[in-house]
Every structure is written in structure tokens, then in C-alpha cells.
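Just so you know, these numbers use all the heavy atoms, side chains as well, and skip hydrogens, waters and symmetry mates.
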Amino acid sequence: MRRRLAVAASVVAAGALVLSAPAAADPGRDLHGRGRSAHVLLVSVDGLHQQDLAWYVGQHPASTLARLAGAGLTYRNAATPFPSDSFPGMLAQVTGGDPKTTGVYYDDSYNPQLFPAGTTTCTGAAPGAEVAYAENADRDLSRLDAGQGLAGLPGSILGLTGSPETLLDAAQLPVDPKTCQPVYPHEYLRVNTVFEVARAHGLVTAWSDKHPAYDILQGPSGTGIQDLFTPEINSIGDAAGHDWTQVNALTQQYDGYKVQAVLNEIDGYDHARSVKLGTPAVFGLNFQSVSTAQKLPTSDGQAGGYLADGVTPGPVLSGALDFVDAQLGRFVGELSAKGLAGSTTIVVSAKHGQSPTVPSQLTRIPDGPILDALDTAWQAAGHPGKLVAHSIDDDAMLLWLTDRSPAATAFARTFLLGYTGTGNDIAGNPRPYTASGLQTVHAGADAAAYVGAGRADPRVPDVIGLVQPGVVYTGKKSKIAEHGGAAATDRNVLLVVSGAGVRHTSTVDTPVRTAQIAPTILRLLGLEPGELQAVRAERTPVLPGID
């Protein structure tokens, strides 16, 4: 659960796709004289585990997912970064780096060096700011167009601007103490993206995602994506006041708008089909339908999540998987119809998985009382003010503290491991928990070491708590799964590469990182992976099996 606290922090500064007859390939752009891809279509099916892919292909051998996997490379041990949040997960795929390099640990985090949103007079202002780049940053988060003012929503949503940074409310953004200006999402990212590299070589780029704050994918230049389509998923989706994530049929409708955007881009237009740009070299979208089907207890009278075995999808999730597969089929069909199948590589992965998958493991814990008790204990020990500056707790616990000293971080760790309480299970019945629901707590220098960062980095959480199996932090009973943690079901996602540039098919058991997608995209396009700063910093290799 997100916990936002207004605290003035006392801080330390700091080959052809085998789905149709091969079409004539577009001219490839290859620095090394070998034909690869003219286009890479990247698809993130948020929440989709490798076990889901295996189950679906086994049950649906004629499906598009089965045909893509059968015609390409399937990586059975692909891992997203930790934390397994949407921002780190997506940024890994397009930068080649983990949070230690990108500097982005969550879509809602904390920075002790920035000033709070709304600061207009920086002289004498107290540092310490929540960095929230989600629906909260929209000009109007209730509207699918985030406040653009389109008439006729939702049917008119393809008229949304391709420059979503214009839909962000500057007053909701953290402030740079050096300039006293708001920090836009793309400015917060420390490294460049595949989109920026492609643009530097004169190639067309496009992307579709769930909030205007996905401006972050533009990269530090702010110009990496020519056509960025970002309808607001947490806006009101029906007359009953549900947002697009609260009913799976609504999520599928929402995803359908992004699907149409990609189909228009395959045809060589922008997402609105109003400007002829040419089929992008790098483009794609994320799907939310699987993620919400995993998280909702019920939707339209049917059960969400998995059956008791934790592997077999329940009815809502099964329907969401069918929906995504059908949309992938539409992409493949359109690529073939436009003569692009032989020159396009399709990469299917996920920003994150979801935990737990076994319903009986679920323990929902309200994190608010835990953190309130930690602050009370800190004050009782003779310290003024609150210890917790900010926390983000989904199925991990990330804390940024007002005091980053070894004594303070050790105090927090000891308290959390000693705290007991009562949560609730899948049926809403009381379930006691120990150690704040945590299995392991990394604090201070140990927390930085866990994510591979330096302790001096102000963006690194001061405390990282890894949960006991099945724990989800929420004060409600409206979800049965979450992401953000380190469990295998959070991080072991599907990864399939199929189409142009894939010279043989196989199942790869070698452990890989989803961060390897980024250099692989550039290699497929005939560009140099080392043009990515994170690839150089982390020595991120191209995926095995890609020549």
C-alpha cells in the first residue's frame, strides 16, 4: 500500500515469422552488414509469469503465443529487476539497466535532496520530497485523457496527444533545488533509452502505456518517443464510477485503445491515424488485462486469480489471457498484411509478475499501523519527529527515513522484525502475522548492497523488507495479489523473441534478465548496444541465441 507522509525530513544530503508466408523484407539497417530487423515490436503483458506462458501454450497449442514461442526463442528463466514495480521493470527493458543505474526504484519513491511538489520559493525550503509519477501527476486524473479536454470520451481517446508531458500538472511534481523548477519524469531518469538511440539514427519510435508519467520512457532528452500514447488507466471508466482496473472487462476495453494505436502504427501512421510517420523501428505497448485479472478477487461475478494449485488460471484470468492472445494475433495479422512479417521481430515479456499465485498463501496486512508504531517507538526512544519519511509497500516494504544513520536504520530493522499483528486471509478471515510480515530486512548499507548501489546514493531506500510468502500490504480486501517484491512469482516472467533476426528456435534455460531486451533491440536493428549508457555501466549482454 502507498503511504504518503508530509514530513519535513532531517536528512543527510546526498528470420521471417513462422505465422504466415514470408513477405518481402524491408531494407535492414545493420552496422555490420548482416540482415536483421527493420522493426521491433515490444509487448509487455504485465503480470504474465513464465508458468502462465507454459500453461497457456500447453492448453492452446494453436494460439498466437504458442506460435510465437514455437517460431522463436523462449527464455524460461527471465527475471525482472528488484523492486518488481512497473517503472523499474519497463525501464530495464528499454535502458538495459537496473534501478541502481537508472535511479528509479518505483513509480512512487522519495528523494531527500529534492523539494516537495508545489514548492515555488526554494530559498530556505526544507529538502525531502515524494517522487510520485503515476496518475497523481495528471492535470485531471478522473479523465481518460488526463485533462486534455477531448469531447466524446472514451470513443475519442485516439485523439489524445502524443506528447503526454503536456498533460502533467507541474504543481504535482518534485522540485529541483538548483533550478527551483519541477522535475518531469524523463528528467529523473539517469540514463538514455533505446528510443533515444533509435532517434539519434533517424528512426521512427512509438509507445503506448498507462499514465502520462510514462514520459519517463522518453529518456533524459525528453524527445526519445515521437508518438507516446498514454490514456490514464486510473481514470473513471463507467457510469458506476469504477476506474479501468476495477472491472476486467473495462481493462480489456482500455487495452483495446492501445491495441488500435499499435495497429495504426504498423500501418505507418501515428496512434491517431492522422499523421504518416512510417512504421516505427521501435514501438509497442503494455497490456494491463492480465495484471488486473490476477489482482481482483472477483469481476463480473467470476473469480479472479488462480485456482487452488496456483498454476491454473481462474475464469477471469483465463479470459484475460485469451484476450491478450487474440490481440497479439491481430498484430501478427496486420504485419503480414502490410508485408512486414519478414522484417519485424516481436518481443513479448512483462514488467513484473504478481504474488501470490496460490490463494491459500495470501495474508493481507495493513501497513499503516506498523509504520505508525515504528514512529511512536522512535519518539519514545527520545527522538523528535517521525522516522519514516516515505514508504511504498505492496508485496515488499521500502522505507526512506528522516535519519539515514546506521543507528536509525538498525532501529527500524529491529522494530520491524519484532512487530506482530493480525491481517486477513483470502476469505477475509483473521490471520496473525509475525515480523511485520517480513522474512528478511536489509537496512542502511545492507539495503544499498542488496540492490547493488552505493550507500551515498540518495535515491536508495534506507530499509528494504522482503515479505513472507503470500504477504500483500493493504488496508482493504479488494486485491488478492500484488507486485514489487522479490519472490519468483514477482520476477520470473515470460520472455519470447520471435521473427526477423531469430535464426533458430529453442528454449533457453540459461538465467537472463529482462534488462537484456534493450541491447538485443539495438542489435536486431543493427545498432550498437553500447550506445546505451546502462549497458556500458552494467555490461548488460545481448540475449543468448541472438547473433
Side-chain angles (χ1 to χ4, degrees), residues 26 38-44 94 138-168 184-186 193-196 198-219 221-233 235 237 244 252-288 327-341 343-344 346:
D26 285 0
H39 315 282
V40 177
L41 174 60
L42 176 61
V43 178
S44 177
V94 299
D138 297 353
R139 286 179 2 203
D140 185 345
L141 61 84
S142 71
R143 290 178 56 91
L144 185 61
D145 68 359
Q148 182 175 326
L150 294 174
L153 290 174
S156 62
I157 192 58
L158 287 174
L160 189 70
T161 178
S163 301
E165 69 278 5
T166 62
L167 301 177
L168 297 174
Y184 279 78
H186 71 266
T193 70
V194 293
F195 301 111
E196 289 179 297
R199 291 296 298 132
H201 289 273
L203 304 181
V204 177
T205 59
W207 186 256
S208 297
D209 222 301
K210 61 183 180 177
H211 305 301
Y214 274 83
D215 162 68
I216 198 168
L217 301 183
Q218 300 258 29
S221 70
T223 59
I225 304 176
Q226 285 173 275
D227 184 23
L228 181 52
F229 179 58
T230 59
E232 177 51 64
I233 194 169
S235 61
W244 299 89
Q252 292 184 27
Q253 179 184 343
Y254 167 87
D255 278 346
Y257 299 131
K258 294 185 293 184
V259 168
Q260 187 58 54
V262 171
L263 291 171
N264 289 341
E265 290 158 357
I266 289 173
D267 292 351
Y269 294 90
D270 68 347
H271 72 269
R273 208 175 183 87
S274 61
V275 178
K276 191 80 169 179
L277 295 174
T279 305
V282 187
F283 67 126
L285 80 165
N286 87 304
F287 282 101
Q288 285 291 110
Q327 307 319 303
L328 290 172
R330 294 178 70 188
F331 295 153
V332 170
E334 194 68 12
L335 288 167
S336 295
K338 297 300 178 181
L340 301 174
S343 59
T344 301
I346 299 176

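Across every non-hydrogen atom of L160 and L150, the tightest pair is N-CD1, 3.6 Å. Closest heavy-atom contact between P185 and A213: CB-O, 3.4 Å. The minimum heavy-atom distance between A261 and H271, with the atom names listed, is CB-CB, 3.6 Å. The heavy-atom pair separating N286 from W207 by the smallest distance is N-CZ2, 4.0 Å. Shortest non-hydrogen contact noted between Q218 and I225 is OE1-N, 2.9 Å. In terms of heavy-atom proximity, L153 sits nearest to R143 at CD1-NH2, 3.3 Å.
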Passes side-chain contact (heavy atoms from CB on, under 4.5 Å), V43 versus L285? Steps please.
CA-CA 5 Å; V43 178; L285 80 165; 4.1 Å; yes
Checking side-chain contact (heavy atoms from CB on, under 4.5 Å) for the pair T193/L217: CA distance, chi angles, key distance, verdict?
CA-CA 7 Å; T193 70; L217 301 183; 5.6 Å; no
Under the side-chain contact (heavy atoms from CB on, under 4.5 Å) criterion, do D227 and V275 qualify, and how do the steps go?
CA-CA 10 Å; D227 184 23; V275 178; over 6 Å; no
Run the side-chain contact (heavy atoms from CB on, under 4.5 Å) check on Q288 and I233 step by step: do they pass?
CA-CA 9 Å; Q288 285 291 110; I233 194 169; 3.3 Å; yes
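With contacts defined as side-chain heavy-atom distances shorter than 4.5 Å, the pair Q226/T205 qualifies. For the pair L167 and D138, the minimum side-chain heavy-atom distance is 4.5 Å or more. You'll find the side chain of Q253 reaches within 4.5 Å of the side chain of P154, heavy atoms only. Put simply, the side chain of L263 reaches to within 4.5 Å of the side chain of V259, judged on heavy atoms. Side-chain contact check for V282 versus P280: every heavy-atom pair is 4.5 Å or farther apart. In this structure, V194 and L42 have side chains that are not in contact, with every pair of non-hydrogen atoms separated by 4.5 Å or more. Using a 4.5 Å heavy-atom threshold, the side chains of P164 and Y214 count as separate. The shortest distance between side-chain heavy atoms of R199 and T223 does not fall below 4.5 Å.
Using modelled atom types, one side-chain atom of S156 and one backbone atom of A151 make a donor-acceptor pair closer than 3.5 Å. Judged by distance alone, the side chain of Y254 and the main-chain N or O of P231 form a donor-acceptor pair under 3.5 Å.
Note that the CD atom of E165 and the CG atom of L228 stand 7.5 Å from one another [nearest 0.5 Å]. Rounding to the nearest 0.5 angstrom, the gap separating the CZ atom in R273 from the CG atom in L158 is 10.5 Å. Note: E265 CD to F283 CZ = 7.0 Å, rounded to the nearest 0.5 Å. In this structure, CD on E196 lies 9.0 Å from NE2 on H186, to the nearest 0.5 angstrom. Here OG1 of T279 is found 11.0 Å from CG of N264. Values are rounded to the nearest 0.5 Å. Between the OG1 atom of T344 and the CG atom of L335 there is a distance of 4.5 Å, given to the nearest 0.5 Å.
For K258, the salt bridge (Lys or Arg N to Asp or Glu O under 4.0 Å) criterion is met by D255, not counting sequence neighbours.
Between W244 and Y257, the ring planes lie perpendicular to each other; the angle is over 60°, past the 30° to 60° tilted range.
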